[in-house]
Amino acid sequence: MNIFEIYLNKIKELVLSLNKDNSIQIPSNLSSINVDVPPEKFDCDISTNVAMVLAKINQTNPLELAKTIVNELKKNDKNIEKIDIAKPGFINIKFKLNFWNGFLKDILSNHKNFGINKNEDKKKYLVEFVSANPTGPLHVGHCRGAILGDVISNILKFNEHKVTKEYYVNDHGNQILNFTKSVYYRILEITKNKKFPKEDKDLYPGEYIIEIAKNIINDNKNVDFNNFDKITKKLTSLAVSESLKLIKTNLKNLGITHDNFQSETEIVKNKEVETVIDILKKKNFVYLGKIKAPIDESKSNWVEREQLLFRSTDFGDDKDRPLQKSDKSWTYFASDVAYHYNKLNRNFDLMINILGADHAGYIKRISASVEAMSGEKNKLNCKVSQLVKLIKDGKPFKMSKRKGDYITVEDLISEVGKDATRFIMLSRSSDVELDFDFAKVKEKSKDNPLYYVQYCYARISSVFRHIGKNVNDKFDIKSYDFNYSSDEIKILQKISQWPKCIEISSKKLEPHRVPVYLYELASQFHSYWNLGKDDESKRFINEKKNISDEKIALLKAVSNVIKQGMSIVGVGTPEKM
RNA sequence: GCGCUCUUAGCUCAGCUGGAUAGAGCAUCGGUUUUCUAAACCGAGGGUCGAAGGUUCGAAUCCUUCAGAGCGCGCCA
């Protein structure tokens with residue numbers, strides 16, 4: 001039950017009928033009318049800007065127009081206790097107690113559906129995220145995007161969209177070749193006692209390569225690993241699959257599972273790159289040409305050469321992008337275009353890519369390619385997750401692959417835990433850099449938003465424990481005729497905003513709104529809880545060790561939303577802390 | 001040089017696709033525990049929303065210019 005949506009529709013209908021009577025003029029588009037959460041200082045539950053939006057076209061003062069609308073609204077709405085017109089022209093509505101009782105009854109009897117935006121068009125989504133090179137375990141840098149993609153998927157699923165979560169495996173190209181070589185040298189090190197060529201900067205020096213090498217040796221006792229050229233293919237596939245094992249374990253420990261792993265090699269092998277380039281050629285989006293060097297001193301050795309280019313400038317990119325390297329092999333971009341063609345052929349309504357900040361410059365060209373292939377502008381939506389600034393011992397921590405001092409997902413999970421990692425990584429808009437302070441994330445106090453929200457749930461659980469029940473038990477509430485105080489109504493107001501939070505998070509693909517909302521709800525609950533210290537009527541369990549239906553309903557409503565929200569975030573709700 | 005993102009309280013950030021006197025947390029200062037979990041609560045101080053223009057009844061939010069920070073700009077993916 002989304003009360004904002006209900007009243008928005010009500011007001012739009014009203015405006016349309018007033019227009020039919022020729023009482024007022026309306027614009028062709030009513031989309032700027034909204035029903036919103038009023039600032040706290042006003043004694044009301046919802047507010048609308050309708051009078052201000054319509055004032056101009058009616059050549060009247062918003063306050064005058066508001067009077068007309070208010071009179072009409074009052075006529076046939078039994079829920080309204082009070083309706084005010086506030087200065088520039090807002091209409092503020094306060095509901096009767098009866099309305100809130102009805103609201104509670106509705107959301108408790110349907111608690112699984114509360115928050116879901118049933119009216120949103122149901123779509124088929126593909127969310128591609130993580131897609132880290134399969135050259136080793138995930139590190140902290142991958143975490144934020146991984147969690148972002150996972151929770152965006154959760155929100156979309158919650159809103160009843162179909163979601164496929166996909167990982168694009170870049171198991172093709174030079175980095176993979178270097179990775180395979182590294183594994184090869186480690187194998188020789190183990191079997192032939194040959195020294196690993198540390199001086200070769202292209203190789204991966206990490207310790208985990210040794211583990212991968214050991215596993216490969218153990219599982220392939222009959223294979224002769226002595227000639228690299230002969231076994232490159234075989235070894236690549238073994239090494240990549242070992243890598244993926246590590247990555248999948250990392251993801252699992254973060255609470256993430258993908259539905260599909262799409263291999264780049266498969267796409268190249270199936271000649272999908274050639275196919276897609278042919279298609280683009282026919283549409284005249286591909287040509288042989290030269291691109292200008294970037295103006296940058298470090299690129300002074302630039303050699304201009306003719307290569308196969310994609311006309312991404314037709315779609316607003318700053319330069320056309322190369323599809324082929326000088327050795328005629330495909331660029332990463334070329335196979336990625338093929339991959340997106342592959343995605344398009346699977347008929348998703350919308351494709352979402354989660355990229356790291358360092359790949360933001362890539363968005364224009366890949367979006368361009370999708371537009372060129374599909375003819376649709378908004379088929380692909382790329383979300384960028386900004387950098388995470390790690391802070392250890394109060395100081396910024398810089399990771400360096402060369403030195404090998406980088407923090408893996410495994411380190412992170414074992415030090416701060418999955419839940420804290422997820423909640424904190426998600427608590428800021430993905431557009432801004434995030435400070436991740438190990439000490440703070442580990443802290444078990446109100447300074448840690450995760451525990452603050454979980455504590456709210458634990459407090460509610462403890463009330464139920466005291467009456468010999470469990471927070472998840474079903475309660476049969478006979479009649480919803482409660483006399484809630486204004487403090488309690490405040491909590492109900494916040495709860496009524498939950499579907500709106502989901503709606504916006506889903507529309508804008510901004511999952512950080514969920515933890516922010518949960519924090520606010522928890523905060524209101526904690527305030528209310530503490531009122532019980534001074535005022536016994538505000539306590540859940542009375543002096544006779546009983547609890548009223550009134551309080552049960554309120555507690556159930558709060559705990560349901562917290563639980564739902566936390567499961568979207570992908571963290572637990574312990575009943576005891 | 002060009003492109004993308006960011007700039008809100010001392011610090012870290014929210015601010016609902018233009019609305020009301022811009023909100024939290026941390027830090028600082030002061031208070032709350034014989035009572036359902038103090039991992040909590042209450043109160044106080046703290047602001048030229050980077051700067052300047054523009055659009056609008058109305059701008060932190062949209063547009064332009066400028067400044068600062070980060071990321072990126074063919075044979076890495």
Side-chain angles (χ1 to χ4, degrees), chain A residues 32 34 36-42 47 49 52 55-56 61-62 86-90 92 131-133 135 170 172-176 178 264 290-291 293-296 299 302-305 307 309 317-319 321-322 324-327 329 331-333 335-336 356-364 384 386-387 427-429 431-435 437 440 443-449 451-452 454-456 458-463 465-467 497 500-501 503-505 507-508 510 512-513 516-517 519-520 523 526-534 536 539-543 545 547 576-577:
Chain A
S32 46
N34 55 37
D36 265 324
V37 180
E40 222 181 308
K41 60 202 160 199
F42 295 99
S47 79
N49 63 355
M52 289 180 291
K56 196 172 187 185
N61 181 320
K87 245 188 286 170
F90 287 100
N92 292 334
S131 300
N133 290 339
T135 55
N170 300 127
H172 186 84
N174 276 326
Q175 284 197 12
I176 288 296
N178 290 330
E264 181 182 1
K290 293 173 180 172
I291 44 172
I295 300 170
D296 179 356
K299 296 279 157 77
W302 181 276
V303 182
E304 227 181 41
R305 57 167 64 96
Q307 54 192 153
L309 299 175
D317 200 0
D318 0 299
K319 50 172 112 172
R321 303 293 174 173
Q324 227 167 9
K325 300 178 193 171
S326 54
D327 67 356
S329 67
T331 58
Y332 170 77
F333 176 59
S335 62
D336 206 20
D358 50 342
H359 289 72
Y362 192 74
I363 294 175
K364 269 191 186 171
V384 172
Q386 287 298 326
L387 288 179
S427 59
R428 302 288 182 224
S429 155
D431 292 335
V432 303
E433 289 188 7
L434 176 109
D435 282 2
D437 187 328
K440 277 191 190 160
E443 198 169 333
K444 300 205 165 171
S445 74
K446 67 165 191 163
D447 298 353
N448 188 325
Y451 297 116
Y452 186 84
Q454 286 184 331
Y455 188 48
C456 172
R459 275 181 151 174
I460 293 172
S461 303
S462 108
V463 172
R465 234 180 357 258
H466 274 272
I467 55 163
Q497 293 157 19
K500 206 174 169 65
C501 169
E503 182 189 353
I504 298 160
S505 308
K507 249 183 210 161
K508 301 178 88 171
E510 291 180 348
H512 73 279
R513 291 169 191 279
V516 168
Y517 170 87
Y519 186 90
E520 288 167 1
S523 167
H526 286 312
S527 292
Y528 180 76
W529 180 281
N530 278 279
L531 290 177
K533 292 196 188 289
D534 296 328
E536 285 204 12
R539 292 174 59 190
F540 294 98
I541 298 171
N542 62 25
E543 60 281 10
K545 297 284 169 201
I547 184 167
K576 252 184 185 169
M577 287 172 75

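First the proteins, then the strands, lettered A, B, ... as listed; each starts at 1.
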When all nucleic acid strands are considered with a 4.0 Å heavy-atom cut-off, which category describes [X]: base, sugar-phosphate, or nothing?
X: A:Phe42; value: base
X: A:Pro322; value: sugar-phosphate
X: A:Glu264; value: sugar-phosphate
X: A:Lys500; value: base
X: A:Asn92; value: base
X: A:Lys533; value: base

- Message: With a cut-off of less than 4.0 Å, is there a side-chain N or O of A:Lys87 near OP1 or OP2 of B:A20?
- Response: no

Kindly say whether, by distance alone, the side chain of [X] makes a donor-acceptor pair under 3.5 Å with the base of [N]?
X: A:Ser47; N: B:A20; result: yes
X: A:His512; N: B:A14; result: no
X: A:Arg305; N: B:C75; result: yes

Between N or O atoms, less than 3.5 Å apart, protein on one side and nucleotides 55-60 of chain B on the other: list the pairs.
residue: B:C57; atom: OP1; partner: A:Lys56; partner atom: NZ; Å: 2.7

- Query: Under a 4.5 Å cut-off applied to non-hydrogen side-chain atoms, are A:Asp36 and A:Lys500 in contact?
  - Reply: yes

- Item | Gap in Å between the two P atoms, one belonging to B:C63 and one to B:G3, rounded |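 B:C63 and B:G3 have their P atoms separated by 15 Å.
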
- Rounded to the Å, how far apart are A:Tyr519 OH and B:G23 P? 17 Å

- Message: Counting only side-chain heavy atoms from C-beta out, which of B:G15, B:A20, B:G72 sits nearest to A:Pro39?
- Response: B:A20

- Message: Can you work out whether A:Lys41 or A:Tyr332 has the more 5'-proximal nearest nucleotide on RNA chain B?
- Response: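 Final value for this comparison: A:Lys41.
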
